[in-house]
Participant: 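Would you mind keeping the following structure in view while I ask a few things?
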There are 2 protein chains.
Amino acid sequence: MSVSTENFLKNIYLLNQEGQSPVTSSLLAEKLNVSVAAVTDMARKMGKQGVLDYKPYRSLVLSEAGQKLALKVIRKHRLWELFLHKVLEMDLMTVHEEAERLEHHTSDKLMEQMYKYLDKPDFDPHGDPIPGGDGIIPSEKGVRSLSELKEGGRCLIRKLRYRHQETSEMYERYGIEKDMVFKIKKVFSFDGSIELESGEGETITISRKLADNIFCTEEENVSK
Amino acid sequence: MSVSTENFLKNIYLLNQEGQSPVTSSLLAEKLNVSVAAVTDMARKMGKQGVLDYKPYRSLVLSEAGQKLALKVIRKHRLWELFLHKVLEMDLMTVHEEAERLEHHTSDKLMEQMYKYLDKPDFDPHGDPIPGGDGIIPSEKGVRSLSELKEGGRCLIRKLRYRHQETSEMYERYGIEKDMVFKIKKVFSFDGSIELESGEGETITISRKLADNIFCTEEENVSK
DNA sequence: ACCACAAATTAAGCTTACTTAAAAAAAAGA
DNA sequence: TCTTTTTTTTAAGTAAGCTTAATTTGTGGT
């Protein structure tokens, strides 16, 4: 697997997700910044390798194997983004460019170490889901950890993660449930704890660690 | 700068350090696992680029510029080794292989973030010095931080780092000086603090943070 | 100083990942 | 349906980074 082939697979997968339309050679060529002829060339080769269901003049469709490989690259990319952002405090712009290169030079072992170090995260700092080692995608785009949000915003709870035994008990005590809307009143930089106000006007303060396990989307105009 | 050229420069530099002999094409070819012809080819190109003082049938000598580039690659390599080892808890074998790839895909910005995160380290986990951003090499090979050593070993203090205001005061209180020999009695995994026994039989316990600033060589047969 | 031999260079050729330009196929309009 | 336009493929060529084989150059032994 060369850098080129990895990018080829990854971008077919991403274009598939983004647009509703089938992935054409010209579309991919533009995204990869190469000529259309180069895409055709690659596509034929990858068809032979069995990662692409290649048929001339037809749209580009990944095979089962190709999809797995694409997800692995995306997993590495998003883990790097999160790692560089959270651990090395790099900004979101930089982080993408770095990940774009590092994703192709990261062993599976290193990838799993990062995954563990980050405490098995589900989303990258842009809110995109990090595919699992098994190739399963946690959830839809735009969802991010509650602990990533800034003061003043409103959020809609999308997913609660029950990893530790005590989390479900804590959700219950605080009265946190899926589909609730909260306003972020204050983020304490000292320990990362977050003060939330529910739709009913109740105010609660939860720890950073707990917020890590709550996933939500940012809401501008919440009707309710 | 391609991966090939970076490896070319890096290995000329390393061979220079290792052996007393001048770096020949065949020596470098063996280290890089390529043919001698490939080395000649590269050498001519790099001569034109000004990173190598190339003359046919003569040994390979880096130019000023080439040396700087080589040191930068080595800096990245050793920072990665230390980072992967200390932060992601990867073993020394793996760490080298990973660094061998990552070193070529790391921006200067990322490199400096790692450097800061690691608290401006001087040595990699193998005890090799990490060249500074300015290209200055901190010290000789084999030296490593006292905090890297394992229980039961003996060490010879080679260098004390005075970065923080209080460190010199602490060295004085504990009676730690250059050229002293210590035996590592115990390493407390709880907080990383280390119990040391001096040659005179005195026992002291220092913190992990302090040990980070003490550099030593491991000694097998200490005559004294 | 000469000769043999080891080491370095040159020459020719290969693969990967591209390029541009021409040809072929599919899609779209009337 | 037929033609025009768009898209894709094929063909030919390039640069980097290698290979092996043949040639050239420097050097150590006598």
Side-chain angles (χ1 to χ4, degrees), chain A residues 1-13 15-16 18-63 66 69-70 73 100-101 103-105, chain B residues 1-13 15-16 18-63 66 69-70 73 100-101 103-105:
Chain A
M1 277 281 112
S2 69
V3 172
S4 295
T5 57
E6 286 190 350
N7 275 326
F8 193 91
L9 295 174
K10 183 183 80 166
N11 283 288
I12 290 175
Y13 189 96
L15 282 171
N16 240 335
E18 285 170 28
Q20 56 290 23
S21 56
V23 180
T24 64
S25 299
S26 38
L27 202 66
L28 185 57
E30 178 154 1
K31 192 144 205 211
L32 292 172
N33 257 309
V34 297
S35 67
V36 184
V39 169
T40 303
D41 208 56
M42 268 291 201
R44 202 172 357 84
K45 281 185 209 164
M46 306 191 75
K48 278 185 188 162
Q49 283 186 247
V51 291
L52 197 73
D53 296 330
Y54 177 70
K55 280 174 188 175
Y57 297 103
R58 302 284 221 73
S59 64
L60 303 168
V61 180
L62 294 177
S63 72
L69 290 169
V73 178
E100 204 65 22
R101 276 173 290 114
E103 63 186 0
H104 307 295
H105 308 281
Chain B
M1 277 279 114
S2 68
V3 172
S4 295
T5 58
E6 286 190 351
N7 274 326
F8 194 92
L9 295 173
K10 182 184 80 166
N11 283 288
I12 290 175
Y13 189 95
L15 282 172
N16 239 336
E18 286 170 27
Q20 58 290 25
S21 56
V23 180
T24 63
S25 299
S26 37
L27 202 64
L28 184 58
E30 178 153 1
K31 191 142 206 214
L32 292 173
N33 258 308
V34 297
S35 68
V36 183
V39 169
T40 303
D41 208 57
M42 267 290 204
R44 201 172 357 84
K45 281 185 209 164
M46 306 190 76
K48 278 184 190 164
Q49 283 186 247
V51 292
L52 197 73
D53 296 332
Y54 178 69
K55 280 174 188 174
Y57 297 103
R58 302 285 220 71
S59 64
L60 303 168
V61 180
L62 293 176
S63 72
L69 289 169
V73 178
E100 204 65 24
R101 276 172 291 115
E103 63 187 0
H104 307 296
H105 308 280

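Given the structure is predicted, the values throughout are model-derived calculations rather than measurements.
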Participant: Just how large is the angle between the end axes of the helix from C:dA1-D:dT30 to C:dA30-D:dT1, five pairs per end, to 10 degrees?
Facilitator: 10°
Participant: The criterion is side chain to side chain contact (heavy atoms under 4.5 Å, CB included); which residues satisfy it with A:R44, sequence neighbours excluded?
Facilitator: A:D41, A:Y54
Participant: Partners of B:E18 by salt bridge (charged side-chain N to carboxylate O under 4.0 Å, His left out), sequence neighbours excluded?
Facilitator: B:K31
Participant: Excluding sequence neighbours, so at least two apart, what forms side chain to side chain contact (heavy atoms under 4.5 Å, CB included) with A:L27?
Facilitator: A:L15, A:T24
Participant: Would you indicate whether the side-chain heavy atoms of A:D53 and A:L62 approach each other to under 4.5 Å?
Facilitator: no
Participant: List in chain and number order the residues that pass side chain to side chain contact (heavy atoms under 4.5 Å, CB included) with A:T5, two or more places apart in sequence or in another chain; answer none if no residue qualifies.
Facilitator: A:M1, A:S2, A:M42, A:M46
Participant: Strictly under 4.0 angstrom, non-hydrogen atoms only: write out the protein contact profile of nucleotides 1-19 of chain C, one letter per nucleotide from the 5' end, B, S or -.
Facilitator: -------SBB------SSB
Participant: By side chain to side chain contact (heavy atoms under 4.5 Å, CB included), which residues pair with B:L32, not counting sequence neighbours?
Facilitator: B:N7, B:F8, B:N11, B:L28, B:V34
Participant: State which residues pass ring-ring contact (aromatic ring centres under 6.0 Å, His included) with B:H104; sequence neighbours excluded, sorted by chain then number.
Facilitator: none
